[in-house]
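Heads up: the structure comes next, in structure tokens.
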Number of protein chains: 2
Amino acid sequence: LVVGYHPICPATQPQQAKSRLIDGQTYIQHKHRLAVFAFTCMSKAVICPAYKGLIRIMVIMAKKNAFYAQSGGVTAVINASACGVIEACREHRDKIGTLYAGQNGIIGALQENLIDTSKETSTSVRALKHTPGGAFGSCRYKMKDLSESTVEYERLIEVFKAHNIGYFFYNGGGDSADTCLKVSQISAKMGYPIQAIHIPKTIDNDLPFTDCSPGFGSVAKYVAVSTKEASLDIASMAASSTKIFILEVMGRHAGWIAASGGLAASEAGDAPHIIVFPEIPFVRGEFISKVQQTVAEKGFCVVVASEGASYADGALISGSLNKDAFGHQQLGGVAPTLASMVKHSLGYKYHYALADYLQRSARHVASKTDVEQAYAVGRAAVDKAVAGKTGIMVTIERGKGKTFSWTLGEASLAKVANVEKKMPRSFITKDGFGITQKARDYLQPLIMGEDYPPYKNGIPLYPKLKIVLAPKKLDTEFNG
Amino acid sequence: LVVGYHPICPATQPQQAKSRLIDGQTYIQHKHRLAVFAFTCMSKAVICPAYKGLIRIMVIMAKKNAFYAQSGGVTAVINASACGVIEACREHRDKIGTLYAGQNGIIGALQENLIDTSKETSTSVRALKHTPGGAFGSCRYKMKDLSESTVEYERLIEVFKAHNIGYFFYNGGGDSADTCLKVSQISAKMGYPIQAIHIPKTIDNDLPFTDCSPGFGSVAKYVAVSTKEASLDIASMAASSTKIFILEVMGRHAGWIAASGGLAASEAGDAPHIIVFPEIPFVRGEFISKVQQTVAEKGFCVVVASEGASYADGALISGSLNKDAFGHQQLGGVAPTLASMVKHSLGYKYHYALADYLQRSARHVASKTDVEQAYAVGRAAVDKAVAGKTGIMVTIERGKGKTFSWTLGEASLAKVANVEKKMPRSFITKDGFGITQKARDYLQPLIMGEDYPPYKNGIPLYPKLKIVLAPKKLDTEFNG
């Protein structure tokens with residue numbers, strides 16, 4: 001976007017400025033006189049010939065480059081968002097220069113490891129739409145709080161400046177929304193304003209102001225499908241063998257993922273029979289009774305348990321029983337712990353599964369709705385940036401009609417940052433072990449539709465990118 | 001199949017006998033005279049009018065009913081075999097009466113809980129082809145050795161006799177092959193010969209004389225796909241977070257399933273970097289070195305570990321470290337144990353997944369080759385029975401050509417029973433941590449092709465059968 005503007009001189013309003021880009025230099029055609037300004041940096045003080053003496057500052061916005069980074073745990077569809085960002089940037093070549101991606105997320109920006117996405121073919125970029133994981137690398141790096149240190153933000157903006165980056169697309173959850181907001185604010189203060197747009201992503205589905213978070217729908221579908229399939233397996237075996245099956249799923253603080261296991265039930269009484277939510281304080285006796293009652297009625301019992309499930313005092317179920325021989329507390333130990341309880345109390349043979357990374361990388365069974373939303377929020381971020389927006393998160397808004405529909409909107413990052421969307425209590429049945437119709441109505445559309453990746457040699461075709469780093473421009477290294 | 005035959009009299013050869021079934025009684029039209037014999041049991045001594053005085057015995061085979069049972073751990077495609085059996089029986093209505101299925105496997109026969117498959121619609125039967133689990137129920141019930149007791153086999157044949165069952169289709173692994181053989185032998189001795197045909201099924205892929213066992217290909221595909229996807233996830237996170245991912249898979253005695261994880265690698269050096277086989281004695285130091293070396297080279301390390309992996313002295317890795325608070329040895333603890341070792345020795349952050357039942361019920365990502373083979377062996381069992389075969393297992397034979405092809409064959413159960421097909425050492429790389437090209441050449445075709453189930457409301461449509469039990473005919477109950 002190349003515009004010249006002037007606070008007063010009407011001739012230099014963005015709409016009226018005519019510009020062209022030649023050999024990396026930008027020329028502004030001024031109404032009053034053909035004023036040719038060559039510039040390479042973002043802001044430049046120039047003299048408006050007509051208003052000379054009145055106001056001497058003209059801010060010129062060059063065609064800026066853009067930066068995209070993936071943040072936090074990756075998902076089956078975060079690359080679909082990347083695909084949306086890249087494709088949209090390429091469609092806005094007149095306004096956006098090169099799109100760089102951070103190698104391993106924001107760390108890539110801090111260390112000036114910028115992947116030049118222009119080196120990737122349009123076929124490779126399109127393939128991102130069906131490739132899980134984070135194609136450019138992600139990280140769990142949390143920027144220091146500003147009250148602690150501003151060094152990281154200053155470095156970030158120094159790198160952006162060096163690479164003429166004026167757009168920052170940050171694809172992540174709550175933490176990255178906060179970072180995004182700060183980049184927008186601090187860069188402005190530092191005289192190098194960055195348009196920072198947050199692209200929502202988190203399997204935890206805990207971002208506010210958006211109907212859901214891309215990434216969640218596909219985990220939900222994976223968990224629902226897996227629960228359904230495993231329940232058919234155990235139903236076949238229960239008469240003489242395994243009677244309890246427990247699937248442990250992610251979601252440390254919110255039960256959205258565990259709740260989605262409930263979608264496996266086509267009718268009342270179908271598996272899963274018990275969902276162990278992090279929102280409901282775990283009471284061993286109630287759990288055991290429910291298992292016993294279910295086995296008495298159905299012959300078997302299927303449990304979906306959240307890794308974050310805990311007792312009333314806040315102690316994690318997973319931490320209460322199991323330690324390995326080195327004394328380390330085991331990660332993800334909810335399922336074996338619950339299984340042991342059942343074995344101990346009721347004597348039933350059990351099996352359990354721990355889906356772990358499989359649930360969030362299972363692109364092969366992704367939700368079509370989720371893929372489409374992930375792609376759309378990526379594209380929308382670019383469109384909004386081009387329209388001059390900053391400091392916002394792209395949101396998904398659900399239509400009011402009976403048939404599921406959605407559109408895109410936006411929310412101010414000032415409101416989004418550090419707000420966690422909890423699952424309403426009304427989504428959980430009174431006994432605390434199931435989902436209500438309200439939950440079903442909300443969750444169901446998010447897992448709708450299939451969007452299979454292409455296969456080669458029996459496995460999905462997830463091509464690798466070239467990953468070409470842009471030459472560094474700074475002498476300094478970042479030592480976080 | 002209603003035929004009258006006579007060892008000498010040419011007029012009563014099967015081809016020449018004409019018969020019809022009226023009101024449950026069968027009439028044989030004899031060439032020499034219209035001799036009408038009403039009978040209800042299988043063998044009957046009748047007098048051939050022409051040869052009267054010479055040979056007085058005529059064996060008459062009535063149109064017999066059939067029995068099908070699922071045995072052992074179920075798979076994503078065992079119902080495809082059931083579909084093949086049912087559809088083929090329906091096409092042979094002239095020769096096969098009602099097809100009963102054992103409720104919960106062979107236990108259903110012993111307890112005279114016979115599911116009347118004729119009550120199921122052809123649509124429901126067809127849907128079995130894409131439904132995981134065991135639609136009629138399975139069991140891990142092992143028939144007693146004959147030297148110990150013959151009661152079970154006698155009961156089985158008593159039930160078969162009561163329901164005019166002359167065909168026994170047993171769908172399972174090594175144990176059921178053995179049972180199948182004994183039923184064939186003992187029933188003949190008891191004067192009520194049953195045509196017993198074994199339909200191969202086992203995710204362990206350890207049946208001899210068949211190129212592979214239906215059920216294995218789909219687990220192999222699930223493990224390959226999951227390994228691929230999870231490896232993209234960890235690759236994205238490794239720079240600043242998790243560096244080790246371990247996927248624990250089934251296979252107590254043979255590493256076929258673990259080996260299939262190797263198919264996730266499209267080129268040398270791709271994940272998985274380490275496969276822990278049950279065939280290779282585990283040496284902790286070598287494992288840790290390999291992990292360290294891989295992380296140094298690749299930045300992360302993906303491990304596929306078989307639940308049956310053990311030390312040179314035979315002690316399971318899973319049993320060596322972890323016990324829960326009740327002192328129970330944890331099931332499926334290879335992954336956490338290996339993860340703890342890595343954490344302890346190298347300090348890397350880890351994640352692990354335990355696929356458990358998910359891997360063998362994942363019909364949503366089944367191998368098309370596997371589905372087709374499972375269906376075909378079911379059909380072939382019926383065809384072979386109609387052709388008069390007994391005491392055999394249907395086998396899959398791989399074509400010799402460069403392009404993968406397969407046909408069906410058969411093997412004598414006398415040879416099959418109690419023989420376990422081991423994975424050749426030549427399938428494992430010299431260092432014991434990977435698969436060779438030879439393994440790849442064998443495994444690759446078995447995971448080829450996709451065969452998606454239909455979906456409704458975001459999850460696969462796995463319809464339930466009516467499951468109508470046939471009225472009991474015996475007064476006695478079976479008390480195992």
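Just so we're on the same page: letters track the sequence lines, and every chain starts at 1. Predicted model only: the values in this text are computed from it and were never measured. Only this structure's heavy atoms are used, side chains among them; waters, hydrogens and symmetry mates stay out.
- Using a distance-only test at 3.5 Å, with no hydrogens or angles considered, a donor-acceptor pair links the side chain of A:E229 to the main chain of B:R363.
- Considering OH of B:Y350 and CG of A:D356, their distance stands at 11.0 Å, rounded to 0.5 Å.
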Side-chain donor-acceptor pairs of residues 452-459 of chain A under 3.5 Å, sequence neighbours excluded:
none

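- Looking at B:L263, the atoms closer than 4.5 Å to chain A (heavy atoms on both sides) all sit in the backbone: N, CA, C or O.
- Only the backbone of A:A264 comes within contact range of chain B, with heavy atoms under 4.5 Å apart.
- When A:A339, A:S226, A:P445 are compared by the number of non-hydrogen pairs under 4.5 Å with chain B, A:S226 comes out ahead.
- In terms of heavy-atom pairs under 4.5 Å with chain A, the best-connected choice from B:T369, B:L247, B:I78, B:V365 is B:V365.
- Interface remark: B:S367 contributes no atoms to any contact with chain A (heavy atom separation under 4.5 Å).
- The OG atom of B:S241 lies 5.5 Å from the CZ atom of A:R140; values are rounded to the nearest 0.5 Å.
- Highest contact tally toward chain B, considering only A:A355, A:S240, A:S231, is held by A:S240 [criterion: heavy-atom pairs under 4.5 Å].
- Residue A:F404 does not touch chain B at all, counting heavy-atom pairs closer than 4.5 Å.
- Under the ring pair (Phe, Tyr, Trp, His ring centres under 6.0 Å) criterion, A:F300 pairs with A:H273, sequence neighbours left out.
- For chain A, no part of B:N79 is nearby; none of its heavy atoms comes within less than 4.5 Å.
- For the atom pair A:H364 NE2 and B:E450 CD, the distance stands at 11.0 Å (nearest 0.5 Å).
- Ranked by heavy-atom pairs under 4.5 Å with chain B, the list A:T242, A:T75, A:T227, A:I107 is led by A:T242.
- Residues B:L358 and A:A353 come closest through the heavy atom pair CG-CB, 4.0 Å.
- Between chain A and the residues B:S361, B:G449, B:G133, the most heavy-atom pairs under 4.5 angstrom are made by B:S361.
- Of the residues considered (A:V225, A:D233, A:N104), A:D233 shows the highest number of contacts with chain B, using heavy-atom pairs under 4.5 Å.
- Looking only at heavy-atom pairs under 4.5 Å with chain A, the residue among B:A235, B:A76, B:S138 that has the most is B:S138.
- A donor-acceptor pair under 3.5 Å links the side-chain atoms of A:S236 to the main chain of B:G134, judged by distance alone.
- Proximity to chain B (any heavy atom under 4.5 Å) is restricted, for A:T131, to the side chain, taken from C-beta onward.
- Ranked by heavy-atom pairs shorter than 4.5 Å toward chain B, the options A:A239, A:A362, A:A238, A:G72 are led by A:A362.
- Residue A:F136 does not touch chain B at all, counting heavy-atom pairs closer than 4.5 Å.
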